[in-house]
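Data first, discussion second: the structure below is written as structure tokens.
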Protein chains: 2
Amino acid sequence: MTVDSIKRIRNFGRAVAVEVGALDDSFLDRGRPLGAARVLNAIGLGYEQVSDLRAFLKLDTGLLSRLLRGLEAEGLIETTTNPNDRRGRITRLTAQGRVEFDIYEKLSDERAAATLARHKHAHRLLEAMDIVTIALSRDRIVFEEVDYASDIAAQCLGAFAAELSNRLNVEFDLKKSGDPELSQMTHPHGAFVVARLGDMPVGCVGVKGSGGTLAEIKRMWIAPAARGLGLARQLMTAAEDAARALGIDTLRLDTNSTLFEAVSLYRAMGWQEIDRFNDDPYPDLFFEKRL
Amino acid sequence: MTVDSIKRIRNFGRAVAVEVGALDDSFLDRGRPLGAARVLNAIGLGYEQVSDLRAFLKLDTGLLSRLLRGLEAEGLIETTTNPNDRRGRITRLTAQGRVEFDIYEKLSDERAAATLARHKHAHRLLEAMDIVTIALSRDRIVFEEVDYASDIAAQCLGAFAAELSNRLNVEFDLKKSGDPELSQMTHPHGAFVVARLGDMPVGCVGVKGSGGTLAEIKRMWIAPAARGLGLARQLMTAAEDAARALGIDTLRLDTNSTLFEAVSLYRAMGWQEIDRFNDDPYPDLFFEKRL
DNA sequence: TCATTTAGCTGACTTTAGTCAGGTATCTTC
DNA sequence: GAAGATACCTGACTAAAGTCAGCTAAATGA
């Protein structure tokens with residue numbers, strides 16, 4: 001079984017190496033060596049400090065320095081000293097550099113679009129790619145508080161609502177005007193936490209308070225492609241931390257007994273079953289945790 | 001939607017590039033430059049002719065020639081002229097070269113095992129990897145007749161039986177002694193066709209004959225990770241070709257109406273619905289095709 | 001048969017990547 | 001404020017990768 005698994009991973013590696021290599025090749029089409037292209041790309045992505053660039057690209061100080069001089073000579077970047085630490089330097093794309101960066105971005109997009117075009121019904125492929133992406137980059141998933149009205153929160157809530165509508169076979173629209181949740185999941189009443197991989201949302205949870213020391217956990221969602229990685233636990237921990245920071249000492253939540261994985265997670269994390277505290281028809285299990 | 005799909009593919013590319021790069025790095029541990037290691041690896045994989053090596057590795061003739069001389073000097077390979085075309089050359093691993101190749105294989109296996117170890121419940125990840133592997137390498141899937149008793153046939157049949165047992169919730173064991181299918185799916189009575197990607201089985205189908213001009217299609221299976229790619233059609237075509245080559249002019253099959261995708265494929269490929277021709281309880285639809 | 005093509009080799013070269021030992025300016029710490 | 005650490009630079013180097021013209025030997029094809 002394990003031998004077979006290793007074979008499967010190696011087959012995977014071989015298959016994707018072709019795609020990855022093709023992208024690098026397309027980067028050479030601009031006549032610039034790959035090293036310089038990668039530096040330009042990193043700067044365009046927002047790595048400004050030379051030290052950050054070095055860490056990100058894993059380049060020797062001398063080599064990076066020379067590549068930067070090269071891009072400078074091409075008129076693609078400008079460097080200034082970092083005002084906060086005048087040993088360090090800040091690099092920035094010039095207008096021309098921005099143009100060139102955008103061309104590389106376009107090349108990447110075209111590569112990806114070509115892959116997509118080769119697969120008419122790519123839904124399953126994309127889903128599988130997401131699973132792989134998230135699993136391989138699990139360590140880079142960040143959990144952070146965001147505004148309930150932010151873009152990434154909206155993405156999470158939209159996916160959450162779509163899934164709920166689909167599963168319960170009812171209309172479930174979070175966007176209806178005057179959402180009373182908004183202020184209750186915003187400081188100082190409550191908070192909203194998302195888990196994301198880069199700009200890709202992979203989970204969320206809301207702490208819904210009313211100004212007192214009691215709050216409720218709501219809108220708990222993990223992206224389908226991110227399930228089975230133990231993110232729920234991390235997300236709950238982040239939510240508890242956020243609640244504590246707001247001065248909340250008791251959290252409640254409602255759930256359904258058919259979601260046995262979630263239920264056993266709550267129990268494992270120290271939640272106590274309590275009596276029904278609302279009259280929603282869907283939940284049949286109620287929990288409380290003292291922080 | 002498409003813009004989003006492109007983002008997902010690019011995120012995927014970024015995530016796997018790290019893994020792919022790590023493998024290359026581990027190849028450098030042997031002290032040999034990557035180019036030479038790749039040539040050695042390709043020879044070990046069975047690329048014997050220098051021209052094949054060149055095409056596979058996309059190397060300049062001069063560069064490859066020099067790399068081959070280097071490996072020769074290390075005593076890892078031997079070259080002889082190709083007796084069929086004495087301009088060409090054949091390369092082969094020496095015993096020492098085989099040892100070195102095996103070490104690289106082990107390094108690759110260890111890399112894969114390390115990836116596996118990082119993911120305790122890797123089942124979902126492996127399944128997703130399979131989907132990606134097969135989708136990206138779809139063009140390299142080969143359809144070929146194999147012996148019903150061969151190893152790859154056994155793998156297909158085992159997977160087929162496991163799936164059927166699971167789906168019908170009954171014991172379904174193809175391995176019971178004296179399988180009557182064996183001779184009926186072997187030349188000259190019948191045939192067995194598999195679809196494979198390298199050594200990874202992705203589908204199979206049997207043509208079960210009894211010496212006459214009538215035969216039956218049986219054991220049609222597509223690996224779960226390979227579904228949605230249109231392989232069934234190619235597999236059926238290969239089965240029809242095999243049947244024709246055996247002098248068979250009429251094919252029959254039974255199926256279940258709930259498998260509507262399969263049923264519509266049969267209709268699209270020119271199969272005609274006929275009356276029930278056996279009394280198995282599972283199938284409720286019967287088809288025939290004149291070749 | 002003889003011109004042409006093909007397969008592979010070698011020599012001479014350039015480019016790219018990477019390493020390392022200095023050096024200067026700046027920051028940190030005691 | 002001196003000692004040490006840090007950030008970045010340059011020069012000098014090596015190794016690896018890649019390019020190209022020209023060569024020989026063999027096969028191909030009119």
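Every chain is numbered from 1 and lettered A, B, ... according to where its sequence line falls, protein lines coming before strand lines.
Judged by closest nucleotide on DNA chain C, B/V50 is the one of A/N82 and B/V50 placed further toward the 5' end. Between A/P83 and B/D60, the residue anchored closer to the 5' end of DNA chain C is B/D60, taking for each the nucleotide with the nearest heavy atom.
A/N11 and A/R8 share no donor-acceptor pair across their side chains, judged by distance under 3.5 Å alone.
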- When you look at B/D139 and A/R118, which way does the salt bridge (charged side-chain N to carboxylate O under 4.0 Å, His left out) test go after all the steps? CA-CA 10 Å; B/D139 299 343; A/R118 253 177 281 124; over 6 Å; no
- Checking side-chain contact (heavy atoms from CB on, under 4.5 Å) for the pair B/L53/B/L59: CA distance, chi angles, key distance, verdict? CA-CA 8 Å; B/L53 280 170; B/L59 290 179; over 6 Å; no
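For B/L59 and D/dC20, the CG to P distance is 15 Å, given to the nearest whole Å. What separates CG of A/L28 from C1' of C/dT16 is a distance of 11 Å, to the nearest Å. Nucleotide C/dC9 holds its P atom 8 Å from the CZ atom of B/R54, rounded to whole Å. Across the protein-nucleic acid pair, A/L53 atom CG and D/dC9 atom P stand 10 Å apart, rounded to whole Å. For A/E48 and D/dC8, the CD to P distance is 13 Å, given to the nearest whole Å. Across the protein-nucleic acid pair, B/L71 atom CG and C/dC9 atom P stand 12 Å apart, rounded to whole Å. One atom, CG of A/L64, and another, P of D/dC9, lie 7 Å apart when rounded to the nearest Å. The distance between atom CG of A/L63 and atom P of C/dT16, rounded to the nearest whole Å, is 12 Å.
Residue contacts shown for A/L34 are limited to sugar-phosphate atoms, with no base heavy atom under 4.0 Å away. Base contact: B/S65 has a heavy atom under 4.0 Å from a base atom. Across all strands shown, A/D85 has heavy atoms under 4.0 Å from sugar-phosphate atoms exclusively, and none from any base.
A donor-acceptor contact under 3.5 Å links the side chain of B/T61 to the base of C/dC9. A donor and an acceptor atom sit less than 3.5 Å apart, one in the side chain of A/R87 and one in the base of D/dT6. Between the side chain of A/R66 and the base of C/dT19 there is at least one donor-acceptor pair of N/O atoms closer than 3.5 Å.
Shown here for B/F12 and A/T133, the closest heavy-atom pair between the two residues is CA-OG1, 3.2 Å.
Side-chain N/O atoms of B/R89 include none lying less than 4.0 angstrom from OP1 or OP2 on C/dA7. For D/dA25, the OP1/OP2 oxygens have no side-chain nitrogen or oxygen of B/R86 closer than 4.0 Å.
Closest contact between the side chain of B/L68 and the listed nucleotides C/dC9, C/dG18, C/dA7 involves C/dC9. Ranking C/dG8, C/dC20, D/dT19 by closeness to the B/S51 side chain, first place goes to C/dG8.
Ring geometry, A/Y148 versus A/F192: the interplanar angle exceeds 60°, so the pair is classed perpendicular (tilted spans 30 to 60°).
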